[in-house]
There are 2 protein chains.
Amino acid sequence: MKPKHFTNAEISDLLVRHDINPTAQRVVVTRTILERCAHLSAEDLFQIIEQMPDRRGVSLATVYNTLGLLAQKGVVREVIADPAKVVYDPNTAPHHHVYNVTTGELIDVDADRMQVSGMPSLPLGTSLEGVDVIVRVRSPS
Amino acid sequence: MKPKHFTNAEISDLLVRHDINPTAQRVVVTRTILERCAHLSAEDLFQIIEQMPDRRGVSLATVYNTLGLLAQKGVVREVIADPAKVVYDPNTAPHHHVYNVTTGELIDVDADRMQVSGMPSLPLGTSLEGVDVIVRVRSPS
DNA sequence: GTCAGTGCAAACCCTTTGCAGAAAG
DNA sequence: CTTTCTGCAAAGGGTTTGCACTGAC
C-alpha cells in the first residue's frame with residue numbers, strides 16, 4: 001500500500017465527519033497513520049511523530065487516547081494479533097490478516113479473497129462488532 | 001461443556017505423551033484446566049489452584065510457565081481475543097470463538113459450523129501455525 | 001468563564017526473568 | 001552430583017489514569 005498525502009483540512013473534515021473534534025494533535029496523529037498506510041502501534045506512531053520536524057508536540061498519552069478514539073469512531077481498525085500490543089490499521093475496508101508470530105509482520109488479505117461462512121447466530125441481546133480472521137504463520141527457527 | 005475427571009496418572013501420561021516432564025506442579029495445573037473445561041487466564045487458574053484444599057503449592061510464575069509450555073506442546077490452545085490478557089482453551093479440536101467485548105465472555109464455535117475459505121498462500125518460508133476466527137459482539141451499553 | 005482536550009508522570013496490569021534453593025534420577 | 005524445575009520478588013512493557021494546565025469558543 002503506497003503512502004498518500006492529505007492536507008490538514010482534509011484530515012480535519014474526516015474527523016468532523018466521524019464526530020471527532022479536530023484538535024491539532026488529533027490531526028497530526030490521524031494524518032500520520034493514514035499517510036503511512038501501515039499497521040502501527042501507539043508507540044510506533046509516537047516515535048514517528050516525535051521525529052517530524054514540523055511537529056506540534058504530541059504526548060504519548062494523547063497518541064493512545066487519539067488512537068482509541070479513532071478506533072471507536074471507525075476511522076481506523078484495532079488489530080489484536082500479538083498479545084503484547086495492539087496495532088492500528090488505517091485500512092477500514094473489510095479484510096483479514098496474516099500474522100507472522102516469529103517476526104511480528106502483519107499482512108492484509110482482502111475480504112473477497114478469504115471469507116467466513118456459517119456465521120453462528122449471535123448471543124441474545126448482542127450486536128455484531130466485527131469478524132476477525134488471523135492466519136498465524138511461523139518462520140523457521 | 002461439562003467438567004470431566006482425571007486421575008493424576010492420566011494427566012501424567014498425557015504430559016509425557018506431549019514431551020513434557022510431569023512434575024507435581026504441572027500435573028496440578030494441567031488437571032485443573034482440563035477439568036474446568038473453560039477458557040481461563042493464568043491468573044484465573046492461579047486463584048483456583050490457590051483455593052484447592054489438597055493443593056500442592058504452585059506459584060504464579062509456574063502457572064505462567066506451565067501454560068506457556070502446554071500451549072507450545074499442543075495440550076491447550078492460546079486464545080488472543082482480549083488485548084489485556086491471554087486465555088487458554090482446553091479444547092484443542094479445530095474451532096473458533098465468539099467474543100463479547102462488553103462482558104469478556106468467550107464462546108466456542110465448532111469448526112464444522114463456521115469455516116474459512118480462500119486461504120491465501122503463505123509467505124515464502126513460513127509454515128501454518130493456525131487460523132483464528134473471532135466474532136466480536138457487543139452487549140448494549 | 002467554561003469545558004473539552006492535553007501533557008506529564010505515576011500508577012496499573014499482565015507477563016517474564018534472574019537467581020537461589022529444592023527435587024529427581 | 002548433575003540437571004531440571006520451582007518460588008519468590010523484582011523488573012519489564014504496554015496502556016491507562018489523575019490532575020493541573022492550556023486553548024478554543
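D:dG13 atom P lies 15 Å from atom CG of A:Asp44, rounded to whole Å. Between the CG atom of A:Leu60 and the P atom of D:dG13 there is a distance of 14 Å, given to the nearest Å. To the nearest angstrom, P of D:dC5 lies 16 Å from CG of B:Leu67. Straight-line distance from the CD atom of B:Glu50 to the P atom of D:dC8: 10 Å, rounded to whole Å. Spacing between atom CD of A:Glu43 and atom C1' of D:dT16 amounts to 14 Å, rounded to whole angstrom units.
Here A:Leu124 is tied to no hydrophobic group at all, with no ILVMFWY side chain closer than 4.5 Å.
Under 4.0 angstrom from either OP1 or OP2 of C:dT15 there lies at least one side-chain N or O belonging to B:Tyr64.
Listed for the A:Asn100 side chain is a donor-acceptor partner under 3.5 Å among the backbone atoms of A:Thr103. Under the 3.5 Å distance criterion, the side-chain polar atoms of B:Asn91 are matched with a main-chain donor or acceptor of B:Ala93.
DNA chain C is contacted by B:Ala84, B:Lys85 of residues 72-85 of chain B, taking any non-hydrogen atom closer than 4.0 Å. Taken residue by residue, residues 98-107 of chain B places no heavy atom nearer than 4.0 Å to DNA chain C.
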Enumerate all atom pairs, one protein N or O and one N or O from nucleotides 3-6 of chain C, separated by less than 3.5 Å.
unit_1: C:dG5; atom_1: OP1; unit_2: A:Arg26; atom_2: NH1; d: 3.1
unit_1: C:dT6; atom_1: OP1; unit_2: A:Thr23; atom_2: OG1; d: 2.3
unit_1: C:dT6; atom_1: OP1; unit_2: A:Gln25; atom_2: OE1; d: 3.4
unit_1: C:dT6; atom_1: OP2; unit_2: A:Arg26; atom_2: NE; d: 3.4
unit_1: C:dT6; atom_1: O3'; unit_2: A:Gln25; atom_2: NE2; d: 3.0

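One finds the CG atom of A:Leu15 at 4.5 Å from the OG1 atom of A:Thr30 (value rounded to the nearest 0.5 Å). Between the CG atom in A:Leu34 and the CD1 atom in A:Ile11 there is a gap of 5.0 Å [rounded to 0.5 Å].
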Under 3.5 Å, which donor-acceptor pairs do the side chains of residues 127-138 of chain A form with other protein atoms, sequence neighbours left out?
unit_1: A:Glu129; atom_1: OE1; unit_2: B:Arg138; atom_2: NE; d: 2.8
unit_1: A:Glu129; atom_1: OE1; unit_2: B:Arg138; atom_2: NH2; d: 3.2
unit_1: A:Glu129; atom_1: OE2; unit_2: B:Arg138; atom_2: NH2; d: 2.8
unit_1: A:Asp132; atom_1: OD1; unit_2: A:Arg77; atom_2: NH2; d: 3.4
unit_1: A:Asp132; atom_1: OD2; unit_2: B:Arg136; atom_2: NE; d: 2.9
unit_1: A:Asp132; atom_1: OD2; unit_2: B:Arg136; atom_2: NH2; d: 3.3
unit_1: A:Arg136; atom_1: NE; unit_2: B:Asp132; atom_2: OD2; d: 2.9
unit_1: A:Arg136; atom_1: NH1; unit_2: A:Ala81; atom_2: O; d: 3.0
unit_1: A:Arg136; atom_1: NH2; unit_2: B:Asp132; atom_2: OD2; d: 3.3
unit_1: A:Arg138; atom_1: NE; unit_2: B:Glu129; atom_2: OE1; d: 2.7
unit_1: A:Arg138; atom_1: NH2; unit_2: B:Glu129; atom_2: OE1; d: 3.2
unit_1: A:Arg138; atom_1: NH2; unit_2: B:Glu129; atom_2: OE2; d: 2.9

Please tabulate, for the side chains in residues 64-73 of chain B, all donor-acceptor contacts under 3.5 angstrom to protein atoms that are two or more places apart in sequence or on a different chain.
unit_1: B:Asn65; atom_1: ND2; unit_2: B:Ala61; atom_2: O; d: 3.2
unit_1: B:Thr66; atom_1: OG1; unit_2: B:Thr62; atom_2: O; d: 2.7

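A ring-ring contact (aromatic ring centres under 6.0 Å, His included) check over residues 72-96 of chain A, counting only residues at least two apart or in different chains, returns the pairs A:His95-A:His97. Every pair tested for salt bridge (Lys or Arg N to Asp or Glu O under 4.0 Å) that includes a residue from residues 6-16 of chain B fails, sequence neighbours excluded, so the list is empty.
With sequence neighbours left out, the salt bridge (charged side-chain N to carboxylate O under 4.0 Å, His left out) criterion links A:Glu35 to A:Arg31. Here A:Ser41 pairs with A:Asp44 under the side-chain hydrogen bond (donor to acceptor under 3.5 Å, both in side chains) rule; sequence neighbours left out. Scored by the side-chain hydrogen bond (donor to acceptor under 3.5 Å, both in side chains) test, B:Asp82 finds B:Tyr99 as partners (sequence neighbours excluded).
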Pairs counted only when both distances fall under 3.5 Å, Watson-Crick or G-U: show me the 5' to 3' dot-bracket for DNA chain D, [ ] for pseudoknotted crossings and | for other-strand partners. |||||||||||||||||||||||||

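The shortest distance between side-chain heavy atoms of B:Met119 and A:Met114 falls below 4.5 Å.
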